[in-house]
J.: 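Take a look at this one; I'll ask things after.
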Amino acid sequence: MVSGTGRAVVVQTGRGTAFGAIAARMRLRRSETEFERGVRRFGYLLLEVTLTLVVAIFAFNVYLQRPVIDSFLFSLALGVGLTPQLLPAVISVNLASGARRMARRQVIVKRLASIENFGSMDVLCSDKTGTLTEGEAQVQFAWGVEGTDSARTLLLAYANATFQSGYVNPIDTAIKGRGPLDLEGWSKLDEVPFDFLRKRQSVLLAHRGQSVLVTKGALNRVLEVCTTAERSDGSVVPIEAVREGLQERYRSLSAEGYRQLGVAVREDLTGAVATRESERGMRFVGLVALSDPLKPAIASTVAELRGLGVRLKLITGDNALIAARIGREAGLLEPEVITGSQLLSISDQALPLRAQACDIFAEVEPNQKERLIAALRRAGHVVGYMGDGINDAPALHAADVGLSVQGAVDVAKEAADIVLLEQDLAVLADGIREGRTTFANTLKYVFMATSANFGNMFSMAGASLLLPFLPLLPKQILLTNLLTDLPEMTIATDRVDRDWIERPRRWSIPFIQRFMLTFGLVSSLFDYLTFAVLLWVLRGIPPSSAPAGSWNR
C-alpha cells in the first residue's frame, strides 16, 4: 500500500500471496540451459566411447591370453586417458577470464555458466521503456474534445498529477514538468489511487467551494466512465456524439507512437470522500499525449545485434499501435503484433511457432512473459530475457540467460544471471562478443583434448595387441595425459577467429564426434608410423621369445 485509505480484508498470507507465489517459483530448480544440455550430451558421448574402448581392449587381451589383472588395469587406464580430465578446470578458467573481460565492458556476471549461454543466445526478449526508448516520458500536447490545444485539459491533468500521493511514476513526473501552473484555490480532499485493473487515477479536489473529482488514465478506461463531453466553448454534449472522433484520433496518434491519457471531471459530488464508485457519470475534457523517444542509436544497435545473429523481440504492456510504431522505428524484422488477449487464445502447442515468427508482443500481462520465454525455448532457441521489475523475476528465472540492470528491483537482480551497469543494448552487444569468445575457447579445448586423447589411446590399444609387451604402463598413460592437458589451461587467453563471434554457436555433438574420429585417427596413423620406424628401422625391441599369454615389461 502506498496511498489512500480503506479497510483491508486478508484472504491469503505468506506463500499464498502473489509475491509468495513468485518467491516459490524462484526456489524451483532451473530448467536445463543450452550449455548444461550440451555438457551433458558431451558427457554421454565420452561415456559411450570410453566403455566401448575399455570393454573391447580388455576382451581382446584376455582372448590373447594376456594376464587378466594387467589387461584390466591397462584398458581402464586407456579409458581414463581418453577423457579430458581438465575439462572442469578449463571451463572454470575460461569463464572466470570471460567474466573479468565482461566486467570491463560494464557487464557483471553473477553465474559463470551463463556466459556460455550468453554467447549462444539467438533470441533476446526485452521491454520497450528504457531499453529501446530513453525511458523518460515527455508531454507533447494537451487537446480538447475537438483536437485542438486545451489549457483546461493540461491544468486538470497537472492538478491530478500534483495532488496525487501514490508512487512516483514517469507519467506524472512528465506532466508536472510542464509546470509550474497556477493551482491557487485548489486543495486536496481525497484520492482513489491508480491500479492496473482500472488503469485510472482520481483525485478529489476542493475548488471555489465545490468538490471536483479529476480523473486521468488510459484513454479507453476513462471514456468508459464518461457519459458526457465538454467542448472548448464550455458546452456539454453526450459522449456518443464525440466517441467516434476520439477513437479515430486515438488510433492515429497511437500509430505515430504517442501514449495518450484521458482527462475527465465530475462536479456533482458532495462530501470529502471519493471511492471507485465515484468514477461514473463523468464529463470528458480532453487528452494528453506523451512520447518516449527512441534512443538515438537504437536502430543501429538492433541491426548490430541482428548482425551477431541475435533477434530482438519486444514485449511491452503498451497498446499494439504504439508497440508497432516503436518496432518499425527500431528496425525489428516482423511488423506483426500479437496482443496479450490473443495469447490467451493460442494453445501451448501452437505458441512456439507463433512466438518465433513474431517480434512484437503488446498489451502483455506480466504472467504471460514467462509463457512466451518457455515457448521460444521449446522452439529450439537460446533465449535471453531482460527485465527489471518484480513481475519479471519468473521470466528471468525461466530464460537461458536472465539479464537485469543496475537500477532494477532487488528481486529482479537476484533472479538475473547477468547485470548490466548501463541500461543500453550497445553494452549488451559487447557482452555477447565476450561470451562467444569464452565459448569458442572452451570448444577449442574440447576439440584438441578429445581428438588427441582418442588418437593416443587408439594407438596404445592397437599396439598392445601387436606387441609382446605393454607400450606404456597404466601410470605412464595417465601421466602423459595429464602433461598433455596442462598447457591447454592457457587457452583462456587465446584469440578467436571473427567467424566464431559473428553468429551464435552451440554444442554440436555430431561435429565433435567427427572431429575426434578424423583427427584422432590421423594422429594415430603417425603414431603407428613411429612405431614401425622404431621396430623395423631402429630395431628398438631387443630379441625376445616371450611365451604366449605374458607381457614383457
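Index from 1, following the sequence.
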J.: In this structure, are over 12 heavy atoms from other groups packed under 6.0 Å from F72 atom CZ?
T.: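 Open.
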J.: When you compare the side chains of S97 and R101, does any donor N or O come within less than 3.5 Å of an acceptor on the partner?
T.: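 The answer is yes; a qualifying pair exists.
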J.: Where is the tightest heavy-atom contact between A323 and I360, given as atom of each residue plus distance?
T.: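 Taking A323 first and I360 second, the nearest heavy atoms are CB-CG2, 3.7 Å.
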J.: Is any side-chain heavy atom of L420 closer than 4.5 Å to a side-chain heavy atom of M386?
T.: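 Contact flag for L420/M386 side chains = yes.
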J.: Decide side chain to side chain contact (heavy atoms under 4.5 Å, CB included) for W507 and S120; before the verdict, give the C-alpha distance in whole Å, the side-chain angles of both, and the deciding distance to 0.1 Å.
T.: CA-CA 9 Å; W507 287 87; S120 301; over 6 Å; no
J.: Quick check: does any side chain N or O of S92 sit under 3.5 Å from a backbone N or O of P88, one acting as donor and the other as acceptor?
T.: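 The answer is yes, because a donor-acceptor pair under 3.5 Å joins these two groups.
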J.: For atom CG of L483, is the number of surrounding heavy atoms from other residues, nucleotides or ligands below 6.0 Å larger than 12?
T.: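 Above 12, so yes.
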J.: Looking at CG of D127 and CG of D392, how far apart are the two atoms once the value is rounded to the nearest 0.5 Å?
T.: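 Between atom CG of D127 and atom CG of D392 there are 7.0 Å.
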J.: Is there a side-chain contact between I512 and F447, using heavy atoms and a 4.5 Å cut-off?
T.: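 Counting from C-beta outward, I512 and F447 do come under 4.5 Å.
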J.: More than 12 non-hydrogen atoms from neighbouring residues, nucleotides or ligands closer than 6.0 Å to CZ on R503, yes or no?
T.: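 It does not: R503 CZ has 12 such atoms or fewer within range.
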J.: Kindly give the heavy-atom pair with the smallest separation between A415 and L396, and that separation in Å.
T.: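 Closest pair (atom of A415, atom of L396, distance): CB-CB, 4.1 Å.
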J.: Is there a donor-acceptor pair under 3.5 Å between the side chain of S404 and the backbone N or O of G387?
T.: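 Confirmed, S404 side chain pairs with G387 backbone.
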J.: Under 6.0 Å between the ring centres of F454 and F515?
T.: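 Ring-ring flag for F454/F515: false, centres at least 6.0 Å apart.
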J.: Less than 4.5 Å apart, side chain to side chain, heavy atoms only: is that true for I432 and L305?
T.: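 Yes, close enough: below the 4.5 Å cut-off.
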J.: Nearest 0.5 Å please: distance from the CG atom of L312 over to the CG atom of L332.
T.: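 These two atoms lie 5.5 Å from each other.
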J.: Give a yes or no on whether the backbone of G331 and the side-chain of R306 come within a donor-acceptor separation of less than 3.5 Å.
T.: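 Checking the backbone N and O of G331 against the side chain of R306, a donor-acceptor pair under 3.5 Å is found.
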J.: Could you tell me the separation between the OG atom of S75 and the CE atom of M460, rounded to the nearest 0.5 Å?
T.: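 Separation between the atoms: 14.5 Å.
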J.: Scan for salt bridge (Lys or Arg N to Asp or Glu O under 4.0 Å) pairs involving residues 510-532, sequence neighbours excluded, and state none if there are none.
T.: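 Of all non-adjacent pairs touching residues 510-532, none passes salt bridge (Lys or Arg N to Asp or Glu O under 4.0 Å).
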J.: Walk me through it: do V107 and D430 pass the test side chain to side chain contact (heavy atoms under 4.5 Å, CB included)?
T.: CA-CA 9 Å; V107 179; D430 292 337; over 6 Å; no
J.: Flag the pair V54 / M457 as yes when at least one side-chain heavy-atom distance between them is below 4.5 Å, and no otherwise.
T.: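 A side-chain contact under 4.5 Å is absent here.
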J.: Let me confirm one number: the CG-CZ distance from L294 to R325, rounded to the nearest 0.5 Å.
T.: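 That separation rounds to 9.0 Å.
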J.: If you measure from the Lys or Arg side-chain nitrogens to the Asp or Glu carboxylate oxygens, is any gap between D292 and R259 under 4.0 Å?
T.: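 Not counted as a salt bridge, because no side-chain N and carboxylate O are separated by less than 4.0 Å.
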J.: Do the side chains of R433 and E304 get close enough for a salt bridge, i.e. N-O under 4.0 angstrom?
T.: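 Salt bridge flag = yes for E304 with R433.
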J.: Just to verify, what does D497 make a salt bridge (charged side-chain N to carboxylate O under 4.0 Å, His left out) with, not counting sequence neighbours?
T.: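 Salt bridge (charged side-chain N to carboxylate O under 4.0 Å, His left out) list for D497, sorted by chain: empty.
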J.: Before you tell me yes or no, could you show the steps for D348 and R371 under side chain to side chain contact (heavy atoms under 4.5 Å, CB included), namely the whole-Å CA-CA distance, both residues' side-chain angles and the distance that decides it to 0.1 Å?
T.: CA-CA 9 Å; D348 289 339; R371 185 173 177 233; 3.0 Å; yes
J.: Can you confirm whether more than 12 heavy atoms, excluding those of Y528, are under 6.0 Å from its OH atom?
T.: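 Enclosed: over 12 neighbouring heavy atoms sit under 6.0 Å from OH of Y528.
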J.: Can you find a pair of side-chain heavy atoms, one from L308 and one from R436, that are under 4.5 Å apart?
T.: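 Yes. Closest side-chain heavy atoms under 4.5 Å.
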J.: Let's go through K369 and F361 carefully: what are the C-alpha distance in whole Å and the side-chain angles of both, what is the deciding distance for side chain to side chain contact (heavy atoms under 4.5 Å, CB included) to 0.1 Å, and is it a yes or a no?
T.: CA-CA 10 Å; K369 297 177 181 179; F361 302 89; over 6 Å; no
J.: Can you find a pair of side-chain heavy atoms, one from I418 and one from V401, that are under 4.5 Å apart?
T.: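 The answer is yes; the side chains approach within 4.5 Å.
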J.: Hey, does the side chain of R311 reach the backbone of V123 with a donor-acceptor pair shorter than 3.5 angstrom?
T.: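 Not confirmed, R311 side chain does not pair with V123 backbone.
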J.: Between the side chain of R505 and the main-chain N/O of L443, is any donor-acceptor distance below 3.5 Å?
T.: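 Flag not set: sc R505 to bb L443 has no pair under 3.5 Å.
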J.: Side chains of L343 and L372: closer than 4.5 Å at any heavy-atom pair?
T.: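 L343 reaches L372 side chain to side chain.
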J.: Between A320 and V337, which heavy-atom pair has the shortest distance, and what is it?
T.: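 What the structure gives for the nearest pair is CB-CG1, 3.8 Å.
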J.: Hey, what do you get for CD (Q368) to OG1 (T339), rounding to the nearest 0.5 Å?
T.: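 Those atoms lie 8.5 Å apart.
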J.: Is it the case that atom CZ in F60 sees more than 12 heavy atoms from other parts of the structure closer than 6.0 Å?
T.: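 It does not: F60 CZ has 12 such atoms or fewer within range.
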J.: Do the side chain of S524 and the main chain of G520 share a donor and acceptor less than 3.5 angstrom apart?
T.: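 The answer is no, because no donor-acceptor pair under 3.5 Å joins these two groups.
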J.: Just so I know, are the side chains of L124 and L403 near enough to count as touching, which here means a heavy-atom distance under 4.5 Å?
T.: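 Heavy-atom side-chain distance check passes, below 4.5 Å.
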J.: Looking at K313 and D359, does any basic side-chain N land under 4.0 Å from a carboxylate oxygen?
T.: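 Salt bridge between K313 and D359, a charged N being under 4.0 Å from a carboxylate O: yes.
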J.: Would you name the heavy atoms of V109 and S114 that are closest together and state the gap between them?
T.: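 The answer is CG1-OG, 3.9 Å.
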J.: Measuring from T17:OG1 to R15:CZ, what's the distance to the nearest 0.5 Å?
T.: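 Going from OG1 on T17 over to CZ on R15, the span is 11.0 Å.
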J.: Hey, is the main chain of K413 close enough, under 3.5 Å, to the side chain of K110 for a donor-acceptor pair?
T.: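 Yes.
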J.: Under the side chain to side chain contact (heavy atoms under 4.5 Å, CB included) test, which residues partner L51, sequence neighbours left out?
T.: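 By the side chain to side chain contact (heavy atoms under 4.5 Å, CB included) rule, L51 matches L47.
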J.: Is there a donor-acceptor pair closer than 3.5 Å between any side-chain N or O of D400 and the backbone N or O of V383?
T.: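 Here the side-chain-to-backbone pair exists.
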J.: Among D417, V382, L428, T438, whose side-chain contact (heavy atoms from CB on, under 4.5 Å) with F118 holds?
T.: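 When D417, V382, L428, T438 are each tested with F118, the side-chain contact (heavy atoms from CB on, under 4.5 Å) holds only for L428.
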J.: Enumerate the salt bridge (Lys or Arg N to Asp or Glu O under 4.0 Å) contacts for residues 442-465, please, sequence neighbours excluded, ordered by first and then second residue.
T.: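 Listed once each, the pairs are K444-D494.
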J.: So, using salt bridge (charged side-chain N to carboxylate O under 4.0 Å, His left out) as the criterion, who are the partners of R506 when residues are at least two apart?
T.: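 Listed in chain order: E34, D122.
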J.: Sequence neighbours excluded, which residues qualify as ring pair (Phe, Tyr, Trp, His ring centres under 6.0 Å) partners of Y44?
T.: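 By the ring pair (Phe, Tyr, Trp, His ring centres under 6.0 Å) rule, Y44 matches no residue at all.
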J.: Would one find more than 12 heavy atoms of other residues, nucleotides or ligands at under 6.0 Å from atom CZ of F458?
T.: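 No, not enclosed.
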